[in-house]
Amino acid sequence: DSGVTQTPKHLITATGQRVTLRCSPRSGDLSVYWYQQSLDQGLQFLIQYYNGEERAKGNILERFSAQQFPDLHSELNLSSLELGDSALYFCASSVGRGIKAPEQFFGPGTRLTVL
Amino acid sequence: LAKTTQPISMDSYEGQEVNITCSHNNIATNDYITWYQQFPSQGPRFIIQGYKTKVTNEVASLFIPADRKSSTLSLPRVSLSDTAVYYCLVFNNAGNMLTFGGGTRLMVKP
């Protein structure tokens with residue numbers, strides 16, 4: 001158990017809909033990262049937040065958005081869903097800034113199925 | 001932006017040493033090399049991280065040549081439970097543009 005929790009575990013929805021994925025980082029971790037993993041692709045970095053502020057942006061679509069709240073939990077919002085958005089979405093957390101690149105602790109993931 | 005390249009798959013047998021190489025030709029001065037292991041339907045798990053030369057922990061070793069344009073993850077005496085996908089990640093503490101390689105699918109056979 002990494003200490004990172006994600007809800008829901010599974011989500012089934014229809015095209016055009018909007019969903020929200022939730023992540024609670026490990027106690028004390030200030031950074032939250034979101035990743036997408038589809039069957040034919042590896043781990044695609046989406047976005048990182050550090051203590052409530054956006055820190056780094058990866059291959060995140062304009063239909064997707066995220067935020068990190070004062071209690072440090074984070075939400076990833078996916079809108080106008082398409083079939084191709086079906087994937088595993090992972091959240092990871094880390095302590096944050098430091099001398100070395102921080103070790104990331106990954107949650108169990110949310111499996112999104114768009115029908 | 002440091003891009004990484006890894007072999008897509010590798011096969012090995014129980015008890016053998018496995019070496020997986022990652023190429024990162026345009027690694028930056030502040031970048032660290034980190035390896036993660038992922039089992040099906042689970043989140044990746046940190047294995048090892050290094051900056052230069054050699055790093056060893058209880059599960060693996062990481063070899064990084066002087067030019068740092070590649071790195072090799074070494075798994076000693078693999079077992080069936082080491083069957084997984086291994087990702088090479090080049091990452092700096094500024095958190096800029098995290099880059100995962102495509103991953104190497106390791107199959108350990110009895």
Side-chain angles (χ1 to χ4, degrees), chain A residues 1-6 9-10 21 23 25-26 29-51 53-60 68 87-112, chain B residues 1-9 20 22 24 27-53 55 57 59-60 62 64 68 71 84-106:
Chain A
D1 184 0
S2 67
V4 177
T5 60
Q6 290 186 248
K9 191 168 184 176
H10 300 280
L21 313 184
C23 168
R26 289 189 324 154
D29 284 358
L30 298 179
S31 272
V32 169
Y33 312 79
W34 286 98
Y35 293 87
Q36 180 193 57
Q37 187 172 40
S38 52
L39 277 176
D40 57 347
Q41 293 187 3
L43 277 162
Q44 302 289 318
F45 167 66
L46 296 179
I47 197 163
Q48 178 202 1
Y49 280 83
Y50 175 78
N51 203 20
E53 295 192 0
E54 183 182 304
R55 187 82 191 282
K57 216 167 187 175
N59 303 318
I60 188 166
Q68 185 179 28
L88 259 173
Y89 290 85
F90 288 106
C91 166
S93 73
S94 69
V95 170
R97 296 176 187 176
I99 298 174
K100 293 185 178 181
E103 175 182 346
Q104 297 180 55
F105 295 86
F106 282 77
T110 293
R111 184 174 293 281
L112 173 66
Chain B
L1 171 60
K3 179 178 163 63
T4 61
T5 304
Q6 304 173 234
I8 294 175
S9 64
I20 306 175
C22 178
H24 27 80
I27 189 170
T29 303
N30 294 330
D31 286 344
Y32 282 77
I33 300 129
T34 311
W35 286 80
Y36 284 80
Q37 176 192 55
Q38 185 180 26
F39 297 111
S41 298
Q42 293 185 25
R45 187 181 66 161
F46 174 89
I47 300 175
I48 197 166
Q49 181 182 88
Y51 183 79
K52 62 180 179 180
T53 62
V55 179
N57 62 21
V59 298
L62 180 59
I64 306 168
R68 304 202 326 121
S71 58
V85 178
Y86 293 82
Y87 289 96
C88 167
L89 171 63
V90 177
F91 179 25
N92 62 35
N93 64 350
N96 295 323
M97 297 304 292
L98 311 182
T99 308
F100 270 85
T104 298
R105 189 172 300 274
L106 173 66

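Letters go in sequence order (proteins before strands), and every chain restarts at 1.
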Review point. Partners of A:Trp34 by side chain to side chain donor-acceptor pair (under 3.5 Å), sequence neighbours excluded?
Key: A:Ser74

**Study point:** Within 6.0 angstrom of A:Arg26 CZ, more than 12 heavy atoms from elsewhere
**Key:** yes

**Study point:** Structural part of A:Gln37 lying under 4.5 Å from a heavy atom of chain B
**Key:** side chain

Point to revise | Under the side chain to side chain contact (heavy atoms under 4.5 Å, CB included) test, residues paired with A:Thr5 that sit two or more places apart | key: A:Ser24

Least distance between heavy atoms, [X] atom then [Y] atom:
| X | Y | answer |
| --- | --- | --- |
| A:Phe90 | B:Gln42 | CZ-O, 3.4 Å |
| A:Gln104 | B:Tyr36 | N-OH, 2.9 Å |
| B:Pro44 | A:Leu43 | CG-CD1, 3.3 Å |

